[in-house]
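These notes are about the structure you will find just below.
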Amino acid sequence: MTTLETKWQKKCEEAKIFEVDSDMKKKKFFITIPYPYISGSLHIGHARVVTEADVYSRYYRMNNYNVLFPIAFHISGMPVLGIATAIKNKDTKKIELYKAYVKNYVADSKKAEKIVASFEDPRKIVDFFIPKMKDEFSSLGIAVDWRRSFTSGDFEHQKLVEWQFKKYKEKGYLVQGKHPVLYSLEYKNAVGEDDIADGDIYPVDKQEFTLLKFKFDDAFIIAATLRPETMYGQTNMWANPEADYVKAEIGKEKWIISRECAEKLKYQDKEVKILKTISGKDLIGKKCLAPVVEKKVLILPFKKANPNIATGFVTSVPSDAPFDYIGLKELQSSPALCKKYNLDYREIKNIKLIPIIKSKGYGDHPAKEICEKNKISSLAQEKELSEATQEIYCAGFHTGIMQDNCKQYAGMSVQQAKEEIKTNLIKKGIADIFYETSRPAVDRSSGKIIVAILDNQWFIDFNAKNWKQTAHNCLENMEIVPNKYKKQFEDVFAWLDKRPCARRRGLGTKLPFDKNWVIESLSDSTIYMSLYAIANKIKKFKLKEEQLNNEFFNYVYLSEGGLKEAVKKTKISEKQLKELREEFDYWYPNDHRHTFTAHLANHLSFMIFAHAAIFPKEKWPKKITFHGMVISEGEKMSKSKGNTVSLLDIKNKFGADSFRAFMCNSTSVESTFDWKTAEIEHMKKHVELLYNMLIGLSKNKSPGDVGEKAKAFVSKIEKKTQKATEAISQMDLRTYSTIVLHELLTEYKQVSKKLDENEIKKVNNYLLEKWLKLLTPLIPHHAEEIWSRLGKKGFISLEKWPESDVSKINPVAEYQENLVNDLIIDIKTVMNLAKIPNAKTIKIIISADWKYHFFAMLKELLEKTRDQGSIIKSIMSTNLKKYGNEIMKMLPSLLKDPSKIPIIILDQKTELQSIETVKKDIETEFRTSVILELCEESKEPKAKQSNPGKPAIVVT
RNA sequence: GCAGGGGUAGCGAAGUCUGGUCAAACGCGCAGGACUUAAGAUCCUGUUCCUUAGUGGAUCCGAGGGUUCAAAUCCCUUCCCCUGCACCA
């Protein structure tokens, strides 16, 4: 099969039928997918999105649209750079991995090694993989105009992004500010999941602690908490007797904090000057002034106070914190322990829990209660204590109400109090914010990871001025499929605030006004689809980087600044500039973007905002459709599971058309697509079967009217053509493919059983081209092959989509056919049940004439009402009254289940005629004689059972 | 935590917006039959249960309630599963 496919891919490429230029006489259709990221080989996730877009766009092409489907490539950000760095650092795992990739294309092992070695230059990775990716995509039979391809590292892309960000800046959409990030002390840079040891398995979060200042001599002891709302329950301070603390100047204040904390504070926007070391032991037994409760509290020993976490001091709230409760209890129950630290046991013993929060399921002292319930009695039960803390935290967060002693916060929910207390304390200068990692973490070179606050981080401010409103307008006018995602967009829009849009590292475009920053890889790909419109011309005209300046995009994209001025500033000829402008104006906006749901909250939302910011209304995107996840053999695809499927696998093992058919038919566009090797094997056979059958049809056809016996068949085919057209036009590829792959085949099989050779030839002639064209978007290669074998010139991909001839849709004919089919099945069943394998005669008794009138009337009445009383009344007021008894027997069951009334009610005469036409066939089928009679004339007791559409059967 | 999606036959998956013709498309699997020396492929038939000369009846779309003449579909409660959440493309 592959040879057939490569042959047609080559022919299409040579004929350049998918390379399109503006054509004012034709309507355009411009469809895009997110450009794929370069990293290793393409898999079925990529295959899904391009294939769906392709099938759909082929339908448009066959409806006389000038269809543009381009694909570019994304290389911004860390991954490509990461590969290059790993290879530079002789990371054997990565080198082996990429050797394996490269060997897919380069057989010679030495050559492959050399190529991989060259990958320490990221550009080499891009240059190597992009042609391969284009080939792999093309092997799926997608109709892409590759002349318009580019990468996000190319100058035309970067110049466009520069232009965009200058526009953002002019409009005040960019702001600078502080921003916490995970930061490696070793790399001296922000880090992501990939840079952190085990970052993928145990993700690291940023946690926000509230720092509280406890007056102590001329300084403050700084305690850190995640629960500022519990501050009214403080009873004491915890310090680690084994840790070293420092006294340090932090701005204008003196703080006592762990040595580690002092180091971290330097990265969190604080001036730090260490004055002296203080041993934790020396603090034990002393007192400091607790904020909020405004009282002196004892500093007590607590080994769980970790100098590596936050400040190394913890304020103790034993009523609500299990750790604090047990820590205190251990001291209170051990005079010896108190003595060890020179503490006054009676004073310790006197410390009482202070109730502060009332949560559902708990009394005044949740920590005490849960420890008693879970039998926790020692700080050594770390795991149990952590779980208990979680549980209380959850209960408090969701159901907790602040108690009366919490002053102005009394009666408030915990959720609300938490925020308010924090903000108020900060305002008063007795609290501060500190960020800590959610777990101890190191980077891949074992350097420590902390949270650092970047001072002049660039943000895109989605709340700036009227931007959100404009974005909403844009969304409002867009078609979103499935529509439920429109609401989700709205939710995302509401939540979008400031987003960091530049980074310190990675590939990409530098911020034009601050070259220390690289524009972040999602922010640099929000309007690139506009470049497809002119990318081929930029190449053709051999434009240079410096020519694609502000004036260039202002003129070509916005028609601003005037042609003369643009010519002067860009040094591009008037003719070329005009042509570029026309090309852009013709193709843009993007009519349709097909993407993965995961992109909604970021890429797609940014795309909408970007267009709203930069472009006039008529250039805003028109439509977004979503596809679902891709899994393989019921599981998430992953290399470790060995269930990944590459495009090369598809090409070599199954063929593009089988894949296309299988994928479209196995799930609806918005649902999860599950790759199943066994099932695609089936589809491969099915495609072959269709192919052979259609070739067969092409050799056995003759023109002419299909004839009476195929009337119902034609009706069904026309109806299904209509349905398939409707489905594909709404991108319901599943319904569409089910019809063209299976339903048409079933119908054809059935009708061909009934027809003689001559009749079949005419049916074949009627069906062949129509069916073939219906199949073309789905299995284009096979369709082209058959088309050429029919002796047709040109490509079927460029043919006109078949129209459904509505005048041939004939419900009565279909009904009659069904009636006869059911009749035959019924006869078989009866013969089976009655155990009469060889019947002498089959008597078919047509229902009494009055029943047709009754059924028809009942059907009509049911449209209006379901009320039995009024239905009876209406019927009895007609001359059907004389059958009142029988009617009353039948009516309840008909009302209960109206499906017993046939969809179409013929009259007695027509029904008799329908059966008469097939009388002979029934006789042949059962090798017996058939007698037809009317109920009124029949002496059979069974005759009364006959109903419209359901003749009585008597076999003897 | 925040936001969103979903639970339908042995399995996958339509149907849900717009309630009725839904025991539920289509595919896979399974069973029986045809073809074949045989296997595979292909074709036909069947595939909730009971009952039966085709009729009929019961159960039924995670669980429980409600609205309605009528609910897989609308409303409420509840259980379970999945996805995303910003130096990550």
A:Glu743 has a side chain; which of B:rA25, B:rA89, B:rA53 sits nearest to it?
-> B:rA25
Under 4.0 Å between any heavy atoms, over every strand shown, what does A:Lys828 touch: base, sugar-phosphate, or nothing? Just pick one.
-> nothing
Answer yes or no: does atom CD of A:Glu860 have more than 12 heavy-atom neighbours from other residues, nucleotides or ligands under 6.0 Å?
-> no
Rounded to the nearest angstrom, tell me the gap between atom OH in A:Tyr691 and atom P in B:rA41.
-> 22 Å
Across the strands shown, which category fits A:Leu862 at heavy-atom distances under 4.0 angstrom: base, sugar-phosphate, nothing?
-> nothing
Listed pairs, N/O of protein and of nucleotides 14-20 of chain B, under 3.5 Å:
from: B:rA14; atom 1: OP1; to: A:Ser668; atom 2: OG; distance (Å): 2.6
from: B:rA14; atom 1: OP1; to: A:Ser671; atom 2: OG; distance (Å): 2.5
from: B:rG20; atom 1: N1; to: A:Arg866; atom 2: NE; distance (Å): 3.3

Reckon A:Val492 touches a base, only the sugar-phosphate, or nothing at all at heavy-atom distances under 4.0 Å?
-> nothing
Could you list, one pair per line, each protein nitrogen or oxygen that sits under 3.5 Å from a nitrogen or oxygen of nucleotides 84-86 of chain B, together with the distance?
from: B:rA86; atom 1: N3; to: A:Arg499; atom 2: NH1; distance (Å): 3.4

Should A:Cys501 and A:Phe459 count as side-chain neighbours, where that means a heavy-atom distance under 4.5 Å?
-> no
RNA chain B nearest-nucleotide lookup for A:Gln488 and A:Lys950: closer to the 5′ end is A:Gln488
Nearest nucleotide by nearest heavy atom, which residue falls closer to the 5' end of RNA chain B, A:Leu454 or A:Asp826?
-> A:Asp826
Is the A:Phe659 ring parallel, tilted or perpendicular to the A:Phe673 ring (thresholds 30°, 60°)?
-> perpendicular
Would you classify A:Met831 as touching base, sugar-phosphate or nothing, given that sugar-phosphate means primed atoms plus P, OP1 and OP2, and contacts are heavy atoms under 4.0 Å?
-> nothing
Can you tell which of B:rG12, B:rA89, B:rG54 lies closest to the side chain of A:Ser521?
-> B:rA89
Kindly assign one of parallel, tilted or perpendicular to the pair A:Phe662 and A:Trp675, based on the angle between their ring planes and the thresholds 30° and 60°.
-> perpendicular
Provide a list of protein-nucleic acid N or O atom pairs under 3.5 angstrom, restricted to nucleotides 56-61 of chain B.
none

